[in-house]
Amino acid sequence: MPRLAVFASGNGSNAQRIAEYFSGHPSVSVCLVLSNKPDAFVLERAVKLGIPTMVFNRDSFYETGQVLETLRSYRIDYLVLAGFLWLIPQKIISAFPGKILNIHPALLPGFGGKGMYGMKVHQAVIDSGEHESGITIHYVDENYDEGRIIFQAKCPVSEDDTAESLAEKVHELEYRWFAEVIEGVVGRDG
Ligand code: GRF
């Protein structure tokens, strides 16, 4: 029975979709929501959904191993990054080989890397004159946005799109696909 932990730094609408999708699921469960921001809205969402939460700082993530310890104590099998902005430390990557998934709100390998998050991504897509954007779900390695791609879905970018309107289109794709793709990946284990 694969047990998931979801990491999010902010709003957490994807985290919520994922938790709802797997609530009552026969073989996959979301067991923990973690955030590096004590005031992240994702934490309120998790509490409402009855999912335990953990707030951590740089020290417990990168130095003391406290986050890894907590993941172990919850017997977590997979980490899902849903709008999580920090680089995953090598120790956690080694502890979860091939078991960390991220979603990026554009078509990698374009428009990724350090500092490319949120509206910056959508603005860069618009500024570049691309006619398409979308989502990329990929495995996580020690570099930002470079792990093996699992799935992509596309949406058109129209002439009158703004970063905000494009973000909405991309969010729709995220809601449509992320949980299902996670299920495909972790289901092979279940
Ligand atoms: C999503 O667009 C995700 O792709 C990106 O951060 C955003 C998080 O949105 N990495 P939310 O917090 O799930 O609403």
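The analysis underlying the following values was restricted to heavy atoms, covering all of them including side chains, and did not include hydrogens, waters or symmetry mates. Counting convention: from 1, in listed order, for ligands and their atoms alike.
Less than 4.0 angstrom separates some heavy atom of Asn11 from each of these atoms of ligand 1: 12 (O), 14 (O). Set against the non-hydrogen atoms of Ile103, the atoms of ligand 1 under 4.0 Å away are 3 (C), 4 (O), 10 (N).
The protein non-hydrogen atom at the shortest distance from atom 4 (O) of ligand 1 is Glu174 OE2, 2.3 Å. The protein atom (non-hydrogen) at minimum distance from atom 9 (O) of ligand 1 is His171 NE2, 3.3 Å. The protein heavy-atom contact nearest to atom 14 (O) of ligand 1 is Ser13 OG, 2.5 Å.
Counting heavy-atom neighbours within 6.0 Å of Glu20 CD, excluding the residue itself, gives a total above 12. Remark: Tyr21 OH is packed, more than 12 non-hydrogen atoms of other residues, nucleotides or ligands lying under 6.0 Å away.
Remark: the backbone N or O of Leu79 is not paired with any side-chain donor or acceptor of Lys99 at under 3.5 angstrom.
The residue from Gly118, Gly10, Gly12, Gly83 that puts a heavy atom closest to atom 12 (O) of ligand 1 is Gly12.
Residues Glu146 and His138 bring no donor and acceptor atom of their side chains to less than 3.5 Å of each other.
Closest approach of Val121 to Phe111, counting heavy atoms only: CG1-O, 3.9 Å.
Residue contacts with ligand 1: His104 is placed with no nitrogen or oxygen under 3.5 Å of a nitrogen or oxygen of the ligand (distance criterion only). Below 3.5 Å of separation, one finds no N or O of Tyr175 facing any N or O of ligand 1.
Using a cut-off of 4.0 Å between Lys/Arg side-chain N and Asp/Glu carboxylate O, Asp145 and Lys114 are scored as not salt-bridged.
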